[in-house]
Amino acid sequence: MATLYIARSARLGRWASDVGLGKNVYKIGIAEGDPKPLAAAGWAGETDWTIVRKAPVEGLSEEEMLDRLGRKEKMIEPNLYPKLKGALGVFRLTPTRIENHILVTRALAGESDRGVLKLRPADYADYLIHNALR
């Protein structure tokens with residue numbers, strides 16, 4: 001069965017922040033089986049990738065998933081940045097979009113009385129998975 005994964009690299013986040021993309025950069029993809037060996041091999045010249053979240057998917061190709069996610073978020077063009085070296089599925093996310101997504105989700109569930117949001121990488125990953133499977 002295929003696995004949808006969200007990965008994060010601290011070094012790539014620092015580089016993205018330096019070039020004006022912001023530090024919240026995540027890689028999304030679909031792997032057959034466990035994505036940990038792919039993360040260990042690395043993408044974009046970095047080998048410190050960690051899998052933040054993964055979800056089983058069936059009947060969804062990586063191209064379809066990137067098209068679905070591309071409707072909501074803009075993928076970083078790998079040909080514009082030599083650092084990315086052709087790595088597809090790298091997305092730049094803004095905290096505002098993630099906060100809005102969480103607030104709307106909570107309001108629809110009837111839990112809007114919660115306190116201040118403190119975003120974690122898992123929140124970004126949940127947002128990407130939600131929009132990729134939509």
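What you are looking at is a predicted structure, and each value in this text was computed from that prediction instead of being measured.
Proximity of a side-chain donor or acceptor of Thr105 to a complementary backbone N or O of His101 within less than 3.5 Å is detected. Between the side chain of Thr3 and the backbone N or O of Gly33, at least one donor-acceptor pair lies under 3.5 Å.
Between Met75 and Leu88, the closest heavy-atom pair is CE-CD2, 3.8 Å. Taking all atoms of both residues into account, the shortest heavy-atom contact from Met65 to Gly29 is CE-CA, 3.9 Å. The two atoms that bring Ile76 and Leu21 nearest to each other are CD1-CD1, 3.8 Å, heavy atoms only. Between Asn131 and Arg134, the shortest heavy-atom contact is OD1-NH1, 3.4 Å. Contact record, Ala16 with Gly22: CB-O, 3.2 Å, taken as the closest heavy-atom pair. Between Asp48 and Arg11 the shortest heavy-atom distance is OD2-N, 3.1 Å.
Looking at Arg106 and Leu117, their side chains come closer than 4.5 Å, going by heavy atoms from C-beta outward. Between Leu38 and Ile51, the closest side-chain pair of non-hydrogen atoms is not below 4.5 Å.
Rounding to the nearest 0.5 Å places CG of Leu4 at 9.0 Å from CD of Glu62. Between Asn24 atom CG and Asp123 atom CG the span is 11.0 Å, to the nearest 0.5 Å. Distance CZ/Arg8 to CZ/Arg53: 13.0 Å, rounded to 0.5 Å. In this structure, OH on Tyr127 lies 5.0 Å from NZ on Lys72, to the nearest 0.5 angstrom. Note that the CD1 atom of Ile28 and the CD1 atom of Ile129 stand 7.0 Å from one another [nearest 0.5 Å]. Here the straight-line distance linking atom OG of Ser9 with atom NZ of Lys27 works out to 12.5 Å at 0.5 Å rounding.
A chain of hydrophobic side-chain contacts below 4.5 Å, direct or via other Ile, Leu, Val, Met, Phe, Trp or Tyr residues, connects Trp43 to Leu80. Criterion: ILVMFWY side-chain heavy atoms under 4.5 Å apart, direct or through other members. Under it, Val104 and Ile98 are not part of a common hydrophobic cluster. Tracing side-chain contacts under 4.5 Å through hydrophobic residues (I, L, V, M, F, W, Y), one reaches Val57 starting from Leu128; they form part of the same cluster. Cluster membership check: Leu69 does not share its hydrophobic cluster with Val90, using side-chain heavy-atom separations under 4.5 Å among Ile, Leu, Val, Met, Phe, Trp and Tyr. Residues Met1 and Leu60 do not share a hydrophobic cluster, defined by chaining ILVMFWY side chains whose heavy atoms lie under 4.5 Å apart.
Note on ring orientation: taking the six-membered ring where Trp is involved, the planes of Tyr81 and Trp15 are perpendicular (angle over 60°, cut-offs 30° and 60°).
A salt bridge links Asp34 with Lys54: the closest approach of a Lys/Arg side-chain nitrogen to an acidic carboxylate oxygen falls below 4.0 angstrom. Electrostatic pairing of Glu73 and Arg92 does not count as a salt bridge here, judged by no charged N lying under 4.0 Å from a carboxylate O.
For Asp67, the side-chain hydrogen bond (donor to acceptor under 3.5 Å, both in side chains) test picks out no residue, with sequence neighbours left out.
The environment of Arg120 atom CZ is sparse: at most 12 non-hydrogen atoms of other residues, nucleotides or ligands sit within 6.0 angstrom. A 6.0 Å sphere centred on NZ of Lys36 holds no more than 12 heavy atoms belonging to other residues, nucleotides or ligands.
In this structure, Phe91 has its ring center no closer than 6.0 Å to that of Tyr26.
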